[in-house]
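Working notes, beginning with the structure itself.
We name chains A, B, ... by the order of the sequence lines, and we start the count at 1 in each one.
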Protein chains: 2
Amino acid sequence: MKTCHHPRPEVSELPELTRRLREQSRKITGPRQAILDLLQAHPHPMTNKEIHAALAGEGCDLATIYRSMHLLVRMGMVKRYYFADRVARFELVTQNRSGHHHHLVCTQCAEVVEIEECFPTELEKKIAERNGFKNITHSLEFFGLCPACQTD
Amino acid sequence: MKTCHHPRPEVSELPELTRRLREQSRKITGPRQAILDLLQAHPHPMTNKEIHAALAGEGCDLATIYRSMHLLVRMGMVKRYYFADRVARFELVTQNRSGHHHHLVCTQCAEVVEIEECFPTELEKKIAERNGFKNITHSLEFFGLCPACQTD
DNA sequence: CTTGATGCAAAAATTTTGCAATTAA
DNA sequence: TTAATTGCAAAATTTTTGCATCAAG
């Protein structure tokens with residue numbers, strides 16, 4: 001895994017997120033703050049195991065992480081991704097970065113790049129109509145060899 | 001899950017597949033034939049559990065199915081998909097149906113429709129170049145409510 | 001015969017759950 | 001005060017592995 005910078009966003013979104021938690025009569029606990037903090041600082045999909053490892057300092061139980069991720073996904077604050085390996089990865093949904101976007105993942109070192117492009121809307125609409133489906137969405141991820149790994 | 005027809009292809013691809021197995025000094029055993037038969041008759045991604053259940057008659061061990069799918073994927077005879085639920089699904093790669101295609105899956109009843117459309121090649125190339133990636137591929141699946149489930 | 005494959009059972013890995021104790025509101 | 005949350009341990013799943021036996025080539 002490559003090192004990569006995780007610049008904190010200009011404005012933290014945590015106040016807004018905690019507000020929404022409170023709104024649902026959820027509590028702002030240590031573990032939850034730590035998880036949200038981490039996800040904000042690391043704007044790429046993370047597995048529960050990675051989150052657990054990263055939070056080794058504060059000692060947050062793995063079960064708590066599983067439960068938190070379920071909750072955050074249910075509340076729409078986190079989006080769950082599946083890349084090539086049946087492991088769920090979680091990424092914070094922020095106002096800066098739209099909830100819907102895609103990733104380009106290095107098959108060697110797992111580096112992740114966020115992608116602007118999306119599947120053409122008209123084409124998707126056509127697919128939905130031709131098959132009579134409603135409320136169509138898609139999952140789309142790219143895989144390849146990143147620059148650094150091409151030389152190895 | 002909706003019932004769906006599984007018309008056998010005009011020409012069975014099994015002889016070719018078994019030939020390739022033999023070529024790799026693999027053996028054509030009962031379980032393997034049953035699995036290939038099943039995958040050919042059911043041209044949609046199936047989970048190992050589904051395969052195991054479908055083969056309840058011949059009594060094929062689940063461990064054997066796991067091992068077989070690993071082998072078949074490694075040999076390129078089967079393609080592995082991940083839909084929305086972190087469960088691996090396997091589909092036979094045939095000459096009729098190209099190995100690369102996508103699916104439209106009903107979020108309610110799990111019906112699967114095969115999709116012709118693909119992510120635009122030029123756009124993908126652009127993404128690869130802009131990020132300096134090589135050997136880029138993608139996974140792309142669509143989700144929505146199928147006609148039957150819209151009335152429920 | 002020889003080597004790969006199978007079934008079975010055990011082990012490993014992953015995810016969920018029950019519950020008493022804790023803590024935010 | 002009280003309702004949600006946590007940690008811990010146990011349970012439930014899912015996947016892999018060791019090994020003696022079996023069978024395809």
Considering heavy-atom distances to DNA chain C, does B:Cys60 or A:Ile28 have its closest nucleotide positioned more toward the 5' end? B:Cys60
Can you check the A:Asp61 CG to C:dT15 P distance for me, whole Å? 14 Å
State which of D:dG7, C:dA9, C:dT15 makes the closest approach to the side chain of A:Leu62. C:dT15
On the nucleotide C:dT16, are OP1 or OP2 found under 4.0 Å from the side-chain N or O atoms that A:Arg67 carries? no
Spacing between B:Phe90 atom CZ and D:dT15 atom C1', to the nearest angstrom: 11 Å
Hey, does the side chain of B:Tyr66 come within less than 4.0 Å of D:dT15's phosphate (OP1/OP2), counting only N and O? yes
When all nucleic acid strands are considered with a 4.0 Å heavy-atom cut-off, which category describes B:Gly30: base, sugar-phosphate, or nothing? nothing
Could you check whether the rings of B:His101 and B:His103 sit parallel, tilted or perpendicular, using 30° and 60° as the cut-offs? perpendicular
May I have the distance from A:His52 (atom NE2) to C:dT15 (atom C1'), rounded to whole angstrom? 13 Å
Whether A:Thr29 contacts C:dT23 is assessed here as follows: a side-chain N or O lying under 4.0 Å from the phosphate OP1 or OP2. Is that the case? no
Starting at atom CG of A:Asp85, determine the distance to atom P of D:dT16, rounded to an integer number of angstrom. 12 Å
May I ask you to evaluate whether B:Thr64 reaches the phosphate of C:dG7, defined as a side-chain N or O under 4.0 Å from OP1 or OP2? yes
Can you see if the side chain of B:His70 gets near the phosphate of D:dT16 - specifically, an N or O under 4.0 Å from OP1 or OP2? yes
Ignoring hydrogens and angles, answer whether the base of C:dT3 and the side-chain atoms of B:Lys27 contain a donor-acceptor pair closer than 3.5 Å. yes
So, for A:Thr64 and A:Pro31, which heavy atoms are closest and what is the spacing to 0.1 Å? CG2-CB, 4.0 Å
Do you know the tightest heavy-atom contact between A:His52 and A:Cys60? CD2-O, 2.9 Å
Atom pair distance, as rounded to whole Å: CZ in A:Arg22 and C1' in C:dA24: 9 Å
Pairwise side-chain contact, A:Leu38 with A:Met46, heavy-atom cut-off 4.5 Å (strictly under): yes
A:Leu71 CG to D:dA3 P, straight-line distance once rounded to whole Å: 19 Å
Can you name the closest pair of heavy atoms from A:Thr137 and A:Glu124 and give their distance? C-OE2, 3.9 Å
Taking the nucleotide of DNA chain D with the nearest heavy atom to each, does A:Ser25 or B:Lys49 sit closer to the 5' end? A:Ser25
With a 4.0 Å cutoff (strictly under), does any side-chain N or O of B:Arg86 reach OP1 or OP2 of C:dT15? yes
Quickly work out the B:Met69 CE to C:dA5 C1' distance and round it to whole Å. 16 Å
Whole-Å distance between D:dT14 P and B:Ile51 CD1? 15 Å
